[in-house]
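Below: one structure, written as structure tokens.
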Amino acid sequence: MSEENTYVPPKVWTYDAENGGEWASINAPTAGAREDVELPKGKHPFQLHSLATPNGQKVTIMFEELLALGETGAEYDAFPINIGKGEQFGSGFVGVNPNSKIPALIDNSGDAPVNVFESGSILLHLADKFGQFIPKDGAGRVEVLNWLFWQMGSAPYLGGGFGHFYAYAPEKFEYPIDRFTMEAKRQLDVLDKQLADNKFIAGDEYSIADIAIWTWYGGLVLGRLYDAAEFLDVKSYKNVVRWAKEIDVRPAVKRGVMVNRSWGDDENKQVPERHSAADFDGKDLS
């Protein structure tokens, strides 16, 4: 890099909205509500406010998997939060999640409402509440939690790191793309080695670890994230591809990825709001 193009940080950083790229109108270095907006309410015990990003899909897949097992108490209403329009900064949403990130869940199934935010926390909350998709033995539970928290710590390097600089940054720069490509490929190699000896991420049983990891890394190797499958040579991670394809055909997964989705060429794969199983009638679940 030539000296004339080298960035010299100031002594004190100041916010420049014009330097924010695609999300410049939304991102800011402050927290809290920006407008007074109440959240809509449905009739079911669980009220989800989310969007069909990888983090949002984790929770809708979990709900659909629970319902597929006959857990009728897991009925939920899913309302969309348009993060491109800043709806995550409405006072109602901030009241559930002060961090203003989707997904956010209100659990009204107990004596008092419980606010749950962060996708990993929501998965664990639901797994414990229904006794599903997490082992009951101590060692098995720890292994699932190991991988659940691996995803929570690793995916920001894939999304905010690789995805941002490769797909969303206003300019392409070699250093950050190389830096985060190396890390994304290292993570894929971690998964590939783990899946070489395991049917699912934490062993023989499908778990919340698989749900959490699949929406990011499964989507990546199936060519659904950042248009980066060829660039990352994802086909070389054969065990990850095998695992991703096995999960992709699960009926609950097919339903879950549609919920809170309102974009794309095929409206038959979109369920912007979900209030009952009838919302999937006529949708393409192939």
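Numbering starts at 1 and runs along the sequence shown. Values in this document were obtained by computation on a predicted structure and should not be read as measured data.
Under the 3.5 Å distance criterion, with hydrogens and angles disregarded, no donor-acceptor pair is assigned to the side chains of Thr215 and Lys58. A side-chain donor from one of Lys185 and Tyr237 sits under 3.5 Å from a side-chain acceptor of the other. A donor and an acceptor atom, one from each side chain of Tyr206 and Glu246, are nowhere located under 3.5 Å apart. At a cut-off of 3.5 Å, with distance as the only test, a side-chain donor of His275 or Glu273 sits close to an acceptor on the other residue. Looking at Ser286 and Lys254, their side chains never bring a donor and an acceptor atom within 3.5 Å of each other. With hydrogens and angles left out, the side-chain atoms of Trp147 and Glu143 include a donor and acceptor closer than 3.5 Å.
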**side chain to side chain contact (heavy atoms under 4.5 Å, CB included) between Leu66 and Gln132, worked out** = CA-CA 7 Å; Leu66 289 168; Gln132 303 285 3; 3.7 Å; yes

**Request:** Start with the C-alpha distance between Ile213 and Trp150, add both sets of side-chain angles, then the distance that settles side chain to side chain contact (heavy atoms under 4.5 Å, CB included), and finish with yes or no.
**Result:** CA-CA 9 Å; Ile213 294 170; Trp150 176 89; 4.0 Å; yes

**Request:** Evaluate the criterion side chain to side chain contact (heavy atoms under 4.5 Å, CB included) for residue pair Val257 and Thr60; output intermediate values, then yes/no.
**Result:** CA-CA 7 Å; Val257 298; Thr60 50; over 6 Å; no

**Derivation of the salt bridge (charged side-chain N to carboxylate O under 4.0 Å, His left out) call for Glu205 and Lys199** = CA-CA 8 Å; Glu205 301 296 326; Lys199 179 177 175 59; over 6 Å; no

**Message:** Between Asn260 and Ile102, is the side chain to side chain contact (heavy atoms under 4.5 Å, CB included) condition met? List the steps.
**Reply:** CA-CA 11 Å; Asn260 294 149; Ile102 63 95; over 6 Å; no

**Request:** Evaluate the salt bridge (charged side-chain N to carboxylate O under 4.0 Å, His left out) criterion for residues Lys235 and Asp233: first the C-alpha distance (whole Å), next the side-chain angles of each, then the deciding distance (0.1 Å), finally the verdict.
**Result:** CA-CA 6 Å; Lys235 66 181 183 299; Asp233 189 27; 3.0 Å; yes

**Message:** Phe180 vs Tyr166, test: ring pair (Phe, Tyr, Trp, His ring centres under 6.0 Å). Steps then yes/no.
**Reply:** CA-CA 9 Å; Phe180 289 111; Tyr166 182 78; over 10 Å; no

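Met152 and Tyr217 fall into different hydrophobic clusters, defined by Ile, Leu, Val, Met, Phe, Trp and Tyr side-chain heavy atoms under 4.5 Å apart, directly or through other members. Criterion: ILVMFWY side-chain heavy atoms under 4.5 Å apart, direct or through other members. Under it, Leu105 and Phe117 are not part of a common hydrophobic cluster. Side-chain heavy atoms closer than 4.5 Å link hydrophobic residues (I, L, V, M, F, W, Y) into clusters, and following such links, even through other members, never connects Ile122 to Val94. Note on Leu69: it clusters hydrophobically with Ile134, by side-chain heavy-atom contacts below 4.5 Å among ILVMFWY residues. Residues Ile83 and Phe79 do not share a hydrophobic cluster, clusters being chains of Ile/Leu/Val/Met/Phe/Trp/Tyr side chains in contact below 4.5 Å.
Atom-to-atom distance recorded for Thr53:OG1 and Lys101:NZ is 10.5 Å, nearest 0.5 angstrom. In this structure, Ser207 OG and Phe133 CZ are separated by 9.5 Å, a value rounded to the nearest 0.5 Å. Rounded to the nearest 0.5 angstrom, Asn97 CG and Asn115 CG are separated by 9.0 Å. To the nearest 0.5 Å, atoms CG (Leu188) and CD (Glu183) are separated by 10.0 Å. One finds the CG atom of Leu123 at 9.5 Å from the CG atom of Asn55 (value rounded to the nearest 0.5 Å).
With contacts defined as side-chain heavy-atom distances shorter than 4.5 Å, the pair Trp243/Ile247 qualifies. Looking at heavy atoms from C-beta onward, Ser50 lies out of side-chain contact with Val59 at the 4.5 angstrom threshold. Between Glu64 and Phe280 the shortest side-chain heavy-atom distance falls below 4.5 Å. Within the 4.5 Å cutoff, no side-chain heavy atoms of Val240 are placed close to those of Trp214. Side-chain contact between Asp107 and Pro113: absent, with no pair of heavy atoms (C-beta onward) separated by less than 4.5 Å. Looking at heavy atoms from C-beta onward, Ile106 lies out of side-chain contact with Val114 at the 4.5 angstrom threshold. Looking at Val253 and Glu65, their side chains come closer than 4.5 Å, going by heavy atoms from C-beta outward. At a threshold of 4.5 Å between non-hydrogen side-chain atoms, the residues Ser109 and Phe46 count as touching.
Nearest heavy atom pair, residue Ala202 against residue Val144, reads CB-CG2, 3.7 Å. Minimum interatomic distance between Ala212 and Leu148 (heavy atoms only, all atoms of both residues): CB-CD1, 3.7 Å. Scanning both residues, Pro40 and His49, for their nearest heavy atoms gives O-CE1, 3.4 Å. Pairing each heavy atom of Val259 with each of Ala52, the nearest pair is O-CB, 3.3 Å. In terms of heavy-atom proximity, Pro98 sits nearest to Val96 at CD-O, 3.8 Å. The two atoms that bring Gly282 and Asn268 nearest to each other are O-OD1, 3.7 Å, heavy atoms only.
The main-chain N or O of Gln151 is never found under 3.5 Å from a side-chain atom of Ser154 such that the two would form a donor-acceptor pair. Not a single donor-acceptor pair under 3.5 Å links the side chain of Asp128 to the backbone N or O of His125. Looking at Arg261, its side chain does come within 3.5 Å of a backbone N or O of Trp263 through a donor-acceptor pair. A donor-acceptor pair under 3.5 Å links the side-chain atoms of Asp77 to the main chain of Lys43, judged by distance alone. At least one donor-acceptor pair closer than 3.5 Å links the side chain of Gln47 to the backbone N or O of His44. The main-chain N or O of Gly256 is never found under 3.5 Å from a side-chain atom of Arg274 such that the two would form a donor-acceptor pair. For Lys283 (side chain) and Val271 (main-chain N/O), no donor-acceptor pair under 3.5 Å exists by modelled atom type. Ser91 places a side-chain N or O within 3.5 Å of a backbone atom of Val37 that can act as its donor or acceptor partner. Asn198 places no side-chain N or O within donor-acceptor distance of the main-chain N or O of Ile201, the cut-off being under 3.5 Å.
Note: Tyr157 and Trp216 fail the aromatic proximity criterion, with ring centroids not under 6.0 Å apart. Phe173 and Phe165 have their aromatic ring centers separated by at least 6.0 angstrom.
With Phe162 as the aromatic partner, Arg179 does not meet the cation-pi criteria of under 6.0 angstrom to the ring centre and within 45 degrees of the ring axis.
Taking the charged nitrogens against the carboxylate oxygens, Asp137 and Arg141 have no contact shorter than 4.0 Å, which rules out a salt bridge. A salt bridge links Asp248 with Arg224: the closest approach of a Lys/Arg side-chain nitrogen to an acidic carboxylate oxygen falls below 4.0 angstrom. Between Asp284 and Lys269, at least one side-chain nitrogen of the basic residue sits less than 4.0 Å from a carboxylate oxygen of the acidic one, meeting the salt-bridge criterion.
Shown here is Lys172, whose NZ atom has more than 12 heavy atoms of other residues, nucleotides or ligands within 6.0 Å. Counting heavy atoms of neighbouring residues, nucleotides and ligands inside a 6.0 Å radius, atom CD of Gln270 exceeds 12 of them. In this structure, Asp281 places its CG atom where more than 12 heavy-atom neighbours from other residues, nucleotides or ligands lie under 6.0 Å away.
By the 30° and 60° cut-offs, the orientation of the rings of Tyr168 relative to Tyr226 is perpendicular.
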